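Taking it in order: structure first as structure tokens, then the write-up.
As the structure is a computational prediction, the values presented were derived from the model and not from experiment.
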Amino acid sequence: MRFVSAFVVYAVIDMAWNMSPPTVAMYASLHEASGNDWSFGKSMDTLGSVELVAVLVFFALIALANSHLAIGPAIGERNLQRAMKNGFVLGCAAYATYIVPTFISIQNWPAALVPIDILIGGLLSLATSGIATWWAVRRQAA
């Protein structure tokens, strides 16, 4: 149940974040400021089953990690703060493993995206772990 909760919560908040007008505008602004020498994202009409599988695998892995490393231990201790702290560290580490190699590999990749994406990963994972733990602890108490 922890895994399913983490999967659903993460998927919803990640998609909401990535499709929000401020996020889209931020990435467009950074793309323009870099001279448009890199491309971030594919147009929706080119997305297919391979991309869907990749997204589902990512959501499954981040949910599994949150479930085992943040949510599970926090539920055992009934400690919401532990879930949020562990979730934040996990999210930062997960996103850093993507953004740092991207920054190093792609010419003109905006340096500003490195700390932004790491922080976003931490916050998304913190929210996932916090919400899923809160829900589980609340259900145990009922």
Compare every heavy atom of Leu30 with every heavy atom of Ala112, then report the nearest pair and how far apart it is.
CB-CD2, 4.2 Å
Between Ala132 and Ala6, the two heavy atoms sitting closest are CB-N, 4.4 Å
Any side-chain to backbone donor/acceptor pair from Thr133 onto Gly130? Under 3.5 Å, distance only.
no
Roughly how far, to the nearest 0.5 Å, is CD1 of Ile13 from OH of Tyr10?
7.0 Å
For Ala136 and Ile75 the tightest heavy-atom approach is CB-CD1, 3.3 Å
Which atoms form the tightest heavy-atom contact between Thr128 and Val9, and what is the distance?
CA-CG1, 3.7 Å
Correct closest heavy-atom pair for Pro115 and Ala111 would be CD-O, 3.3 Å
Single-linkage hydrophobic cluster Leu64~Val55, side-chain heavy atoms < 4.5 angstrom:
yes
OG of Ser5 to CD1 of Ile131, rounded to nearest 0.5 Å, is 10.5 Å
Cluster link Trp17 to Phe59, ILVMFWY, side chain under 4.5 Å
yes
Test item: Thr102 side-chain N/O and Tyr98 main-chain N/O as donor-acceptor pair under 3.5 Å
yes
Min side-chain heavy-atom separation Val100-Val114 under 4.5 Å
yes
Verify the cluster assignment for Ile120 and Ile62: are they in a single hydrophobic cluster under the rule of side-chain heavy atoms below 4.5 Å apart?
yes
The ring pair (Phe, Tyr, Trp, His ring centres under 6.0 Å) partners of Phe103 (sequence neighbours excluded) come to none
Quick one: salt bridge (charged side-chain N to carboxylate O under 4.0 Å, His left out) pairs with a partner in residues 92-114, sequence neighbours left out?
none
The reported gap from CE in Met84 to CD1 in Ile71 (rounded to nearest 0.5 angstrom) is 12.5 Å
With rounding to the nearest 0.5 angstrom, report the OG to CD distance, Ser129 to Gln81.
14.0 Å
Check for me, please, whether Phe3 and Leu56 land in the same ILVMFWY cluster - side-chain distances under 4.5 Å, paths through other members count.
yes
Within the structure provided, determine whether Ile104 and Trp109 are in side-chain contact (heavy-atom separation under 4.5 Å).
no
Verify same cluster id: Phe58, Val50 (apolar side-chain graph, 4.5 Å)
no
For Ser29 and Ala25, indicate whether the former's side chain and the latter's backbone hold a donor-acceptor pair under 3.5 Å.
no
Between the side chain of Ser125 and the main-chain N/O of Gly122, is any donor-acceptor distance below 3.5 Å?
no
Pair Val137-Leu80, side chain to side chain contact (heavy atoms under 4.5 Å, CB included): steps then yes or no:
CA-CA 9 Å; Val137 169; Leu80 184 59; over 6 Å; no
Any side-chain heavy-atom pair of Met19 and Thr23 under 4.5 Å:
no
Report yes if some heavy atom in the side chain of Ile116 is under 4.5 Å from a heavy atom in the side chain of Met26; otherwise report no.
yes
Do Leu113 and Tyr27 touch side chain to side chain, with heavy atoms closer than 4.5 Å?
yes
Rounded distance [0.5 Å steps], OH in Tyr95 versus CG in Leu124
5.0 Å
At what distance, to the nearest 0.5 angstrom, does CZ of Arg2 lie from NE2 of His68?
6.0 Å
Is Asn86 reaching over with its side chain to a backbone N or O of Leu69, donor-acceptor style, under 3.5 angstrom?
yes
Closest non-hydrogen atom pair, Ser105 against Pro101:
OG-O, 2.7 Å
